[in-house]
Structure formats: structure tokens, C-alpha cells
Amino acid sequence: MPLTTTSVQIEISFDLWLDRFSRFAEDLYPGRYTRAYVRELVGMAREVCSLAEQKQSVVVAHNYQYPELQEVAEIAGDSLGLSQYVAERQAPRVDFCGVLFMGETAKTILGDRSRVYMPDRPGCSLVASIDQTRIDNWVAHHPDGILISYINTDALTKARSDYICTSRNASQVLAHAARQYPGRRILFLPDKYLGAVVLSQTAVDPALVDLYDGACHVHSKIGETALEEALDRYPDAELLIHPECGCASSCLAKTMQAGPAFGKAYFLSTEQMLWHARRSPSREFIVATEMGMVYRLRKEVPEKTFYPVSYLAVCEYMKMNTLEKLLDSLENDRVEIQVDEEIQRKARAAIQRMLTIT
Ligand code: 13P
Ligand code: SF4
């Protein structure tokens, strides 16, 4: 039975938001959450919720969004989890706070069932690192080659791909593809750091895998030095590392060689960081990803302590979305996400293939 109105309790109160923002976000966004601004945000959030109800919209926010967007959303989560959530909700409208490839992924999964809107149309440097001509050349050299694309890709690249993967399931997808098509060459794109981590986590012959050399400008800057400095400061903390980080493969090698001497490191998608932090016996964590995730972790696991590996790990694309723009989008239906139907059909098949193996 399709849900038509929000079934999730969203708590909007000045005292609650002021308390949460000052406890969990003050160091992340210094000076942003003044009393006056929080009052303004609370007013806008109430309008957002009432419009979302009128328009039967499900509002969702990626883990890197500003705290107020995470608060006003029915759910905050990682790129795949949010698309799966909106597919289950079966609402006629979705307002997706994230970057464009995420809105496109949601539209591809939902097809005609829902209209997808975004507060803005933010890009992503990882997606921008994809050049279709280079893929054409690789395909021309390897006509029976297999394309595995990370979810951070545009809809056209997804449509050209045999499999999609996310940071949650990339090693499973790679291992499955290598088993399914023995001896065939694989192009893994676009993130070279994720690709290197995944290669070292599976028994797949590296000689058969070509790694595209794309990277995210936020994560590639998170190097080994930043992690080592953080570990010096917080020696008992566990390391939660997004595999897009520039330090990911060298940290993986170090953890394998040095073991706990280098600290306990875990390579996780944003949502997996939350699951891990909840069940780990550790009380402290160093978080190597975009800072928005630190707010989510602190809010959901308040009894533990989370340190951002770097206060410079901010994705300006993600931060193009604001509560003002979300309200405007709900009022004026400004940015609707459209994906060509043929591209949707092919991209959906590649996503579906991933879902059947993970
Ligand atoms: P997640 O899929 O882990 O949410 O990551 C998306 C992303 O953009 C990472 O930079
Ligand atoms: Fe893209 Fe990097 Fe921003 Fe993630 S953090 S959305 S990969 S630019």
C-alpha cells in the first residue's frame, strides 16, 4: 500500500535544535548556529514539513548534508540506502538533498512511479573525472570486457556498465564479476583509491583489472599524514576510513603489516561507519570522510566521541543544498530530475544486477 504522508516523526523545536547544533556541530561549522539563525531554520523547517505533507513528498538527506537538512529529512543515509528507502516509500514525490548523481540514481530506481526534485543541481568531482572517450577506447580494445562502475557516476556511465557497486559492496561485486566472467578484463571506474582497496580485499587477479584514475577532491586530500597526526592525538581511537580517501590503500597495507600498532582501521561506506560505531566496544573514533558524517555519528551515538580527521574535509557540492533552497524547491518545483528513458532502463539493469548479488 503506497504511503502518502510522512509516517516518520520529525522533531522540530528551537531548544532541541539549538542543543544538538551546539553540542554536535559547533566545531564543524564554527559560528553558523547562532540563536537567531537556528530560530530562522526552525521556522523554515516547519514550512518544509507542512509543504512536504501537502505534496506527499518524502524528503531524504545524504550524510554529508548540513545538520538542519539531516534533521528535516525523514531519513539521512548513504547514497544507496537513500535510493532504496525512497523506492520502498512509494511516494509520488521525492525531495532528495544530495548531489546530482544521487538524484539521478533515485530517479532511475523509481522510474515513472515518482517525481524526483532536488534543492539544487550540485555536481561531484568524482563524476566529473569520467571521460566517455576514454571508456570508448577501453571498450574498443576489450570488446568482451566488463565495466564495473561505482555509484558515483552519471546516468550514461551507469547505462554503459555491466555492474554498479557502492563503497558498501565493491569487493563483493568485483569478486562476483571475476567469477562470472573468468579471464575477461574488467574496467573499474572511476575511483582509483576505492579500486586499489577493493583489489587488495579480494583474490581477483590484479592483472585482469584496469583501474580508471579518477578521484574525489575532498577524499583524495585525506592523506596518511592527517591520519597519523590524528592517531598521535587520540591513540585509543579506531579509524573509520571511507575507501575514497587518498590514504586508503596505504593505510590498508599498514594495517595488514603493523596490525593494531597502526591503530584499528576500518574501511567503510558512510552508513557502515554508523553501524560499526554502534557495535564497537571502542569509545572514540577518528572519522576520515566529509565532515557532515561526524554530525550524524555524534547525534546517533551520543555516548561515544567522534573526531573529524580534518576540518578541511568539506564537500562544497554537498553544501550547495540549503534549507532555504529546499523550501523554495517545495514551493516552486524548481529542479526536477529527468533521466532519458532508455538510459534509465539500462542503468536500472546494472543497479539491479548489483542488488541481486549483495
Ligand atoms: P556513500 O555512498 O558512502 O554515502 O558515499 C558517497 C560519496 O559521495 C562519498 O564521497
Ligand atoms: Fe563527490 Fe567527493 Fe563530494 Fe562525495 S565528497 S559528493 S565523491 S565530490
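Predicted, not measured: the structure shown is a model, and the values here were computed from it. Counting from 1, the numbers follow the sequence of the chain as shown.
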- Can H242 and S269 be said to form a side chain to side chain donor-acceptor pair (under 3.5 Å), step by step? CA-CA 6 Å; H242 197 283; S269 80; over 6 Å; no
- When you look at CD of E316, are more than 12 heavy atoms from neighbouring residues, nucleotides or ligands closer to it than 6.0 Å? yes
- Query: Looking only at side chains, do Y85 and E74 share a donor and an acceptor under 3.5 Å apart?
  - Reply: yes
- Message: Could you check whether any side-chain heavy atom of L82 comes within less than 4.5 Å of a side-chain heavy atom of F96, counting everything from C-beta outward?
- Response: yes
- Look at D95 together with K55 and state whether they make a salt bridge at an N to O cut-off of under 4.0 Å. no
- Salt bridge check: are K192 and D213 linked by an N-O gap of less than 4.0 Å? no
- Task: Using only heavy-atom distances, determine whether the side chains of E244 and S167 contain a donor-acceptor pair under 3.5 Å.
- Result: no
- Query: Can you list the other members of the hydrophobic cluster that holds W275, where links are side-chain heavy atoms under 4.5 angstrom apart?
  - Reply: none
- Task: Sequence neighbours left out, what pairs pass salt bridge (Lys or Arg N to Asp or Glu O under 4.0 Å) with at least one residue falling in residues 136-159?
- Result: D136-R160, D144-R184
- Do you know which of L274, T270, L297 makes side-chain contact (heavy atoms from CB on, under 4.5 Å) with N63? T270
- Message: Distance to the ring centre below 6.0 angstrom and angle to the axis at most 45 degrees; does that hold for R32 and F21?
- Response: no
- Any side-chain donor near an acceptor of the partner, Q132 and T157, under 3.5 Å: yes
- With sequence neighbours left out, the residues meeting side chain to side chain contact (heavy atoms under 4.5 Å, CB included) with T225 are E229
- Query: Between K264 and D236, does a salt bridge (Lys or Arg N to Asp or Glu O under 4.0 Å) hold up when you go through it step by step?
  - Reply: CA-CA 9 Å; K264 287 188 221 125; D236 296 329; over 6 Å; no
- Message: Could you walk me through whether Q272 and Y266 satisfy the side chain to side chain donor-acceptor pair (under 3.5 Å) test, starting with their C-alpha distance in whole Å, then the side-chain angles of each, then the deciding distance to 0.1 Å, before giving a yes or no?
- Response: CA-CA 10 Å; Q272 286 173 322; Y266 298 88; over 6 Å; no
- Query: Mind checking whether V139 and L208 sit in one hydrophobic cluster, side chains of I, L, V, M, F, W, Y counted as touching below 4.5 Å?
  - Reply: no
Please list, one pair per line, the donor and acceptor atoms closer than 3.5 Å that link side chains of residues 38-46 to other protein atoms, with sequence neighbours excluded.
{"unit_1": "R46", "atom_1": "NH2", "unit_2": "I12", "atom_2": "O", "d": "3.1"}

- Note on the structure: Rounding to 0.5 Å, atoms OH (Y295) and CD (E68) come to a distance of 8.5 Å
- Partner of R93 under side-chain contact (heavy atoms from CB on, under 4.5 Å), picked from V58, V59, D333, is D333
- Message: If the condition is salt bridge (charged side-chain N to carboxylate O under 4.0 Å, His left out), which residues does E104 pass it with, not counting sequence neighbours?
- Response: none
- Item | Qualifying residues under side chain to side chain contact (heavy atoms under 4.5 Å, CB included), relative to D328, sequence neighbours excluded | N332, R334
- Is any side-chain N of the basic residue among R345 and D340 closer than 4.0 Å to the acidic one's carboxylate O? no
- Item | Main-chain N/O of A196 paired to S200 side chain as donor or acceptor, under 3.5 Å | yes
- Task: Output the distance between atom CD1 (I241) and atom OG1 (T289), rounded to the nearest 0.5 Å.
- Result: 11.0 Å
- Salt bridge or not for R185 and D205, using N-O below 4.0 Å? no
- Item | Sub-4.5 Å side-chain heavy-atom contact between Y212 and Y150 | no
- Item | CG/D112: more than 12 non-hydrogen atoms of other groups inside 6.0 Å | no
- Could I get the full list of side chain to side chain contact (heavy atoms under 4.5 Å, CB included) partners for H141, not counting sequence neighbours? none
- Task: Quick one: sort the H62 and Y64 rings into parallel, tilted or perpendicular, breaks at 30° and 60°.
- Result: perpendicular
- Query: Among pairs that include at least one residue of residues 13-25, which meet salt bridge (Lys or Arg N to Asp or Glu O under 4.0 Å), considering only residues two or more places apart or in two chains?
  - Reply: E11-R20, D19-R23, R20-E71
- E271 pairs by side-chain hydrogen bond (donor to acceptor under 3.5 Å, both in side chains) with which of H276, R296, R168? R296
- Query: Any chain of hydrophobic side-chain contacts (each under 4.5 Å) joining I109 to M118?
  - Reply: yes
- Task: Keeping to residues at least two apart or across chains, list the ring-ring contact (aromatic ring centres under 6.0 Å, His included) pairs with something in residues 98-138.
- Result: W138-H142
- The reported gap from CZ in F188 to OG in S149 (rounded to nearest 0.5 angstrom) is 8.5 Å
- Message: Taking salt bridge (Lys or Arg N to Asp or Glu O under 4.0 Å) as the cut-off, I'd like each qualifying pair that reaches into residues 349-358, sequence neighbours left out, listed once.
- Response: none
- Task: Report the C-alpha separation of F24 and F306 in whole Å, then their side-chain angles, then the decisive distance to 0.1 Å, and conclude whether the ring-ring contact (aromatic ring centres under 6.0 Å, His included) test is met.
- Result: CA-CA 10 Å; F24 306 141; F306 299 90; 9.6 Å; no
- Query: Would you say the side chain of M291 lies within less than 4.5 Å of the side chain of L312, judging by non-hydrogen atoms?
  - Reply: no
- Is any side-chain heavy atom of C245 less than 4.5 Å from a side-chain heavy atom of Y193? no
- Task: Would you indicate whether the side-chain heavy atoms of Y66 and Y29 approach each other to under 4.5 Å?
- Result: yes
- Item | Interatomic distance, L147 atom CG to D162 atom CG [nearest 0.5 angstrom] | 6.0 Å
- Task: Enumerate the residue pairs fulfilling ring-ring contact (aromatic ring centres under 6.0 Å, His included) with a member in residues 321-358, sequence neighbours excluded, ordered by first and then second residue.
- Result: none
- Query: Got a sec, which pairs hit ring-ring contact (aromatic ring centres under 6.0 Å, His included) with one end in residues 309-331, sequence neighbours left out?
  - Reply: H217-Y317
- Query: Hey, what's the ring geometry for H176 with Y163, parallel, tilted or perpendicular (30° and 60° as the breaks)?
  - Reply: perpendicular
- Note on the structure: Rounding to 0.5 Å, atoms CG (L239) and CD (E284) come to a distance of 11.5 Å
- Working to the nearest 0.5 Å, report the span between OG of S114 and CD1 of I337. 13.5 Å
